[in-house]
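Residue numbers start from 1 in every chain, and the chains themselves are labelled A, B, ... in the order their sequence lines are given, proteins ahead of strands.
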Amino acid sequence: MKVGYDAPAIEKKWQRLWEDSETYQVSTDDPRPKAYVLCMYPYPSGPAHQGHVRNYTFGDVNVRFRTMNGMAVLSPLGFDSFGLPAENAAIKTGVHPRIFTDERIAELKGSLKRLGAAYDWRREIKSHDPSYIRWSQFLFIQLLNAGLAYQSEAPVNWCPGCKTVLANEQVLADGTCERSGDLVIRRNLRQWFLRITSYADELLDDLDQLDWPERVKTMQRNWIGRSVGAEIDLEVCGSEAGKITVFTTRPDTIYGMTFAVVAPEHPAILALASPERIDEVGAYIAEVATRSELDRVSGDGGFKKGVALGTFVVNPANGQKVPLYVAEYVLGHYGTGAVMGVPGEDERDFDFAGTHGIGVIETVSRPEGWPGGAYPGDGVKINSGFLDGMTVQRAKEAAITWLESSGFGRRTVKYRLRDWLVSRQRYWGCPIPIIHCEGCGAVPVPVEELPVLAPDDVEFLPTGESPLAKHIGFSEVTCPSCGGKARRETDTMDTFVDSSWYFLRFCDPFAEDKPFDMAAVGKWMPVDQYIGGVEHAILHLMYARFFTKALSDMGLVPKSLREPFSKLFTQGMIRLEGSKMSKSKGNLVTPQRYFDTVGADALRLFHFFVGPPSDDVDWTSQTDEMIEGCHRFLSRVFNLGFQIPVLDGADGIPENEAVLELMRLQDRVTNGIERWAYNTSVAALMEYTNALYRLVAAGADPYLLEHGYRTLLLMLAPFTPHLAAEVYEQRYGRDVHLERWPQVDRELLQAALVSLVVQVNGKMREVIEVDPKITEEEAIQTALALPKVASLVGEGGPRRVIAKLPKVVNLLV
RNA sequence: GCCCGGGUGGUGGAAUGGUAGACACGGAGGCCUCAAAAGCCUUUGCUCGCAAGGGCGUGCGGGUUCGAGUCCCGCCCCGGGUACCA
């Protein structure tokens, strides 16, 4: 009796067997060549969604394919289990974040197992696990000791009504508190920073050696934003402040300075204002402070707000006095918080000058037809004293040389990248292991006392304030250094800290006396293939790179390990009818319904087949039909087995065109995997199956059919692991996932006849099968022997022949 | 605004400068069936033609080339990132 393809039953059977399987468990002393394949560990939000399916099936095909190619593949997974949603749920429902999170993890893990993804679950990591918290805190202290962590004042969103800090998401678009409706203001709070900027140059330069999408590298380069220029000291007249320093990437334009501007946050701002203007300036600054940064930056377009300080600065190049302003278009946190105003060559300065009636001096000759306004491009210097006649590039150098020799300024490099603010006024995060003592300052908690764990007996109230700050038992402590009364740090770390080293812990998650074993990290790192969403292109990937470099310098990982992820692949997003699919929009199409009907293999196959893995997928009304199609294909594969008897040995296979056709398709499957074009691999697998059906119908050699079907099952193993395992076991009593990936016979392929296109005047007219070593003379003769070609070429023969053998001959008449 | 991607049948998409539309979805017709579902077969870019066969076709306009979806120049549209970073 013929049994149909019952995917859910087959899949559940194999998933039970895989629970105890050691196939994807590896150890540090594994003799096979290593491969570390890692998918970004997920935030546990409940059962898997299609985005997870896409991410983790792509990872899985990598793991299974490499394993079949004889490698020891490290394939771990864990959960990024700290974060705001669990805390918000606690406020709403009263359920403790740990209970909430553990439930979500169980759900997500369940659906990943249901998907059939292969992991070494012994290595599972959870960010909120005390054994992980301990080492996150340990690493924070190491960074502190290395001078890479420090405290500083930084602005936060402060709600005067709730008397607490708000996350950005809690501030509404109009700048009010989502809870109390009060106007949120920016207020400075003492917070912890990690000194990522000291690695700015290396983070920038090392991008060149990474095999990452160019797009991601570009985003990181822009984020770091390295700018080479000069600082120029300007003498201020009419105030006691003395001088200000401006930063510019265009020191060549110094003769075009017709004003100067300082940011409202400039520390010396009030000292810079003239006594008559000080009230107005103070009012302006106060007004700016009430507005959010977003509001300040958006909206105004060309109109640039600001007020004159009533004082002047001296242009060091020509001794002329120009007015000084405060304006919000100059940012306090970038450069020196002050700029020289050069309306001739800078668009923003041009707008400001126009608004405030300031003159313009052009210092670069304009190209013909330039419509007016600021000109930021190249050209010859004019109106610029000793710089006249130089190109912009040369003048920049000359200006810097002059600034340095005259003492008015110096060559400087500035970065857009800012230090990483890691303090979060939250409960559900990794506590920062610090004790504040009046006498001793910030003292790290002794390593043997780690981990510092947040107490469970806290109240989750909708105030927005961290429950830890109010917990006396937690916050009131004695100083580990002097034994005096002290206060525990109640802020927790940004969850990006947890994800900045989890890939290292995966190498050796069993270590109890250290975050990871040096030798294990040396064995497995760097990650050979990292897979995740492009939404992490900047923050996570930059922070993880920073951690790796810092830990390398601190000697915690091998000195030679400077980059964590050699290759990166970013898979496309899932959209629903054009918009982003997300839980908050309530428009998720869950995988579970497919698991229950067509099965995980069919859903996996759909994700491979729908298009290039890097492209977005639009989930439409037709998607279900395509998934049905994938299921139909798998049924065809399953049923084909009943028509092909199992035979021993493959000696009887004749060398004919059918063998070659199958081998070419086989080659395309492998090729698709290697170049991240799984959609073409699946297309080749479908053609392969169609070819076998045709061969069965044509009564082909049984040994050829047997060999072809066996090869098909082997090739399906990474894509649809359950189906392949089931049929392979039934036929051969062996585990398909322990078999070797099928190899093609290159010599046979290369010796086979190929298609030669015959063109006349560049138009395709005939296709003929020829020996790949055909000579030009033979090709022309064969082509001309074709009646159609002969009649098109006519009596005189071709005027000229272009031959790219063995692909094409083009006869020109 | 700037920086990346990308525009190919009704749809998803394929195509190292060399047969455009592989493979699939959907559609049409047929076989099987009392009927349906499932399955199988044929067909399916547009167009002229009874046919054989021809012409046109990869967002638009130019160019390079024997030959361009692919390379170059200039536009248009869509998606993403970033946003007063001096």
Looking for any heavy atom pair under 4.0 Å, which part of the strands does [X] touch: base, sugar-phosphate only, or nothing?
{"X": "A:Arg215", "result": "sugar-phosphate"}
{"X": "A:Arg675", "result": "sugar-phosphate"}
{"X": "A:Arg226", "result": "nothing"}
{"X": "A:Arg221", "result": "nothing"}
{"X": "A:Asp349", "result": "nothing"}

Could you work out the separation of [N] and [M] based on their [atom1] atoms and round it to a whole Å?
{"N": "B:G9", "M": "B:C46", "atom1": "C1'", "answer": "9 Å"}
{"N": "B:C60", "M": "B:G6", "atom1": "C1'", "answer": "16 Å"}
{"N": "B:A24", "M": "B:C76", "atom1": "P", "answer": "40 Å"}
{"N": "B:A35", "M": "B:G55", "atom1": "P", "answer": "47 Å"}
{"N": "B:A28", "M": "B:G13", "atom1": "C1'", "answer": "22 Å"}
{"N": "B:U65", "M": "B:U16", "atom1": "P", "answer": "24 Å"}
{"N": "B:G45", "M": "B:C32", "atom1": "C1'", "answer": "32 Å"}

TODO: Would you kindly compare A:Asp616 and A:Met340 by the position of their nearest RNA chain B nucleotide and give the one closer to the 5′ end?
DONE: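 Nearer the 5' end of the strand: A:Asp616.
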
TODO: Hey, which sits more toward the 5' end of RNA chain B by its nearest nucleotide, A:Tyr334 or A:Lys788?
DONE: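 It is A:Lys788 whose nearest nucleotide is closer to the 5' end.
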
Open item on the list: Considering only residues two or more places apart or on different chains, which pairs with a residue in residues 629-638 of chain A satisfy side chain to side chain donor-acceptor pair (under 3.5 Å)?
Closed with: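 Qualifying pairs: A:Arg636-A:Asn690.
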
Please determine if [X] and [Y] form a salt bridge, counting it only when a charged side-chain N lies under 4.0 Å from a carboxylate O.
{"X": "A:Asp667", "Y": "A:Arg746", "result": "yes"}
{"X": "A:Lys305", "Y": "A:Glu287", "result": "no"}
{"X": "A:Glu397", "Y": "A:Arg411", "result": "yes"}
{"X": "A:Arg221", "Y": "A:Glu214", "result": "yes"}

Write down the partner of [N] under the Watson-Crick or G-U wobble criteria, each distance required to be under 3.5 Å.
{"N": "B:C60", "result": "B:G74"}
{"N": "B:A15", "result": "none"}
{"N": "B:A28", "result": "B:U42"}
{"N": "B:C2", "result": "B:G81"}

Open item on the list: For A:Arg195, give me all partners under side-chain hydrogen bond (donor to acceptor under 3.5 Å, both in side chains), at least two apart in sequence or on another chain.
Closed with: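 Counting only residues at least two positions away or on another chain, A:Arg195 forms no side-chain hydrogen bond (donor to acceptor under 3.5 Å, both in side chains).
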
Task: A:Glu769 and A:Ser755 side chains, donor-acceptor separation under 3.5 Å - done: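 The criterion, which ignores hydrogens and geometry beyond distance, is satisfied for A:Glu769 and A:Ser755.
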
- [ ] Look at the side chain of A:Arg604 and the backbone N and O of A:Phe719, then say whether any donor-acceptor pair between them is shorter than 3.5 Å.
- [x]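 The answer is yes, because a donor-acceptor pair under 3.5 Å joins these two groups.
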
- [ ] Only counting residues at least two apart or in another chain, list the ones meeting side-chain contact (heavy atoms from CB on, under 4.5 Å) with A:Thr245.
- [x]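 Once residues adjacent in sequence are excluded, the partners of A:Thr245 under the side-chain contact (heavy atoms from CB on, under 4.5 Å) criterion are A:Glu231, A:Asp233, A:Thr336, A:Arg410.
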
TODO: Compare side-chain N and O positions of A:Arg765 against OP1 and OP2 of B:G54 and report whether any pair is under 4.0 Å apart.
DONE: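 Checking A:Arg765 against B:G54: at least one side-chain N or O falls below 4.0 Å of OP1 or OP2.
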
Show each protein N/O and nucleotides 25-29 of chain B N/O combination with a separation under 3.5 Å, one pair to a line.
from	atom 1	to	atom 2	distance (Å)
B:C25	OP1	A:Arg632	NH1	2.6

Scan nucleotides 17-19 of chain B against the protein and return all N/O pairs shorter than 3.5 Å with their distances rounded to 0.1 Å.
from	atom 1	to	atom 2	distance (Å)
B:G18	N2	A:Gln759	OE1	2.7

Without placing hydrogens or testing angles, list every side-chain donor-acceptor pair under 3.5 Å for residues 251-263 of chain A, not counting sequence neighbours.
from	atom 1	to	atom 2	distance (Å)
A:Asp252	OD1	A:Arg250	NE	2.9
A:Asp252	OD2	A:Arg250	NH2	3.1
A:Asp252	OD2	A:Lys381	NZ	2.7
A:Thr253	OG1	A:Arg250	O	2.7
A:Thr258	OG1	A:Gly359	O	3.0

Task: Closest to the A:Leu812 side chain, choosing from B:A24, B:C66, B:G79 - done: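 Of the options given, the side chain of A:Leu812 lies nearest B:C66.
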
